[in-house]
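Report on the following structure.
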Amino acid sequence: MPVPVVIDCDPGVDDAVALLLALASPELAVRGVTAVAGNASLDDVVRNAGHVLDLAGAPDALPLTAGMAGPLTRRRRERDEAIHGEGGLGGLVPAVPPRAAHPGHAVDRLAEAALAEPGGLTLVALGPLTNVAAMLARFPEAGRALKEIVLMGGAAFTQGNITAAAEYNFHCDPEAARFVVESGLPVRVVGLDVTRSALFPLDRTDRLASMGGAAGAAGELLRGYAMRYEERSGLTAVPVHDALAVAAVSHPDLLEWSRGWASVECAGELTRGALVADVRTPGRERAVAIATGVDAEGFTSLLFERLSGYADLTSSTW
Ligand code: BDR
Ligand code: CA
């Protein structure tokens, strides 16, 4: 039976690729997509998510719902365009307007989806955790109805990517990240510890970009992202962070996990947004599972194969 999921995201190129992967995964049943400000403004990420659902040929009935426009307790800071490019999708936004978001708010939608399948729904969180924390605070019974939360965020045992200590999603809204990580619910964290060890090579982005249909559009997206990453890092392979979090649900055996106590630093002058994890102290509560190992070849092959599958899907608007 496919695992029912709702995907909360802030597309963002790797979010876009993660959505394409999820929608091409028979192991998953995507019940809805919710959007949160992060890589771009709320308007931009909703628009981008609509474009990606169009590209994937997702049914109109699949709900796309807009959520929080900024962090719980802080002002939103514009993201620079160095990673995701103009508008969040590297300027590759089609001229044709995307499908509209469904009415309502993501926080309500997430709760409804959880309560509709008690014990069954996995919430996959790929952006700042603002929507997720707001849902858990407003509808605690819906949080308890979730099967689990699998999130992309944090850098437990490695350097951050927005500061030395913090990963981007956690740094955007540290209070929300802390609320979710400390919720006591089943939480699995897919952070930079593993996403930086599962790099998607530039030659594979080129091969995808040369394909027809929606696979070619996905390849163009990834290629621009990989080239911007190469300019910054000198590497000819790129972490597709959010897609690995989706694969953690569809193919859990691709990752190794360590259980530990975990929280998020909200006050530190130099460490705000840092994931703090203790997987060593004997006898300490170990509520959170943190990904600490990954089958990189298994993941990149899976991603390549699933994105290649879009080659037969005509993309008239990209
Ligand atoms: C995370 O930050 C965003 O830029 C990506 O979409 C991903 O969710 C990686 O740190
Ligand atoms: Ca993201």
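All ligand and atom numbering here is 1-based and tracks the order in the structure. All values reported here derive from a predicted model rather than from experimental measurement.
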The Ca ion (ligand 2) reached by Asp14 (N, O or S, under 3.0 Å):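 Within the cut-off used here (under 3.0 Å), Asp14 places no N, O or S atom near the Ca ion (ligand 2).
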3.0 Å cut-off met by an N, O or S atom of Leu126 to the Ca ion (ligand 2):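 Yes - counting backbone and side chain alike, Leu126 has an N, O or S atom under 3.0 Å.
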Short side-chain to backbone donor-acceptor contact, [X] and [Y], under 3.5 Å:
X	Y	value
Asp8	Leu129	no
Asn48	Gly87	yes
Arg223	Asp206	no
Asn39	Pro11	no
Arg286	Arg259	yes

Vertex the Ca ion (ligand 2), rays to OD2 in Asp242 and OD1 in Asp15 - rounded to 10°: 70°
Among all the protein's non-hydrogen atoms, which is closest to [atom], and how far away is it?
atom	result
atom 3 (C) of ligand 1	Asn39 OD1, 3.3 Å
atom 6 (O) of ligand 1	Asp14 OD1, 2.5 Å
atom 4 (O) of ligand 1	Arg79 NH1, 2.5 Å
atom 1 (C) of ligand 1	Glu167 OE2, 3.2 Å

Under-4.0 Å heavy-atom contact with ligand 1, by part of Asn161 that carries it: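 The part of Asn161 near ligand 1 is the side chain, not the backbone.
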Thr195 and ligand 1 - part of the residue with a heavy-atom distance under 4.0 Å: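 It is neither; nothing of Thr195 touches ligand 1.
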Does an N or O anywhere in [X] fall below 3.5 Å from an N or O of ligand 1?
X	answer
Asn169	yes
Leu126	yes
Asp10	no

Test item, Asp242 contacting ligand 1 (heavy atom, 4.0 angstrom): yes
Closest approach of Leu199 to Thr300 (non-hydrogen atoms, all atoms of both residues): O-CG2, 3.3 Å
For Tyr168, atoms of ligand 1 separated by under 4.0 Å from a heavy atom: 2 (O), 3 (C), 4 (O), 10 (O)
Flag side-chain contact, heavy atom, 4.5 Å: Pro2 against Leu28: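 No, side chains not in contact.
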Any side-chain heavy-atom pair of Phe139 and Val107 under 4.5 Å: yes
Salt bridge (Lys or Arg N to Asp or Glu O under 4.0 Å) assessment of Glu175 paired with Arg74: CA-CA 9 Å; Glu175 285 77 14; Arg74 299 170 190 253; 2.6 Å; yes
Asp10: its N/O/S atom lying closest to the Ca ion (ligand 2) (atom name):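 It is OD1, the N, O or S atom of Asp10 closest to the Ca ion (ligand 2).
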Polar side chain donor-acceptor pair, Asp193 to Thr158, under 3.5 angstrom: no
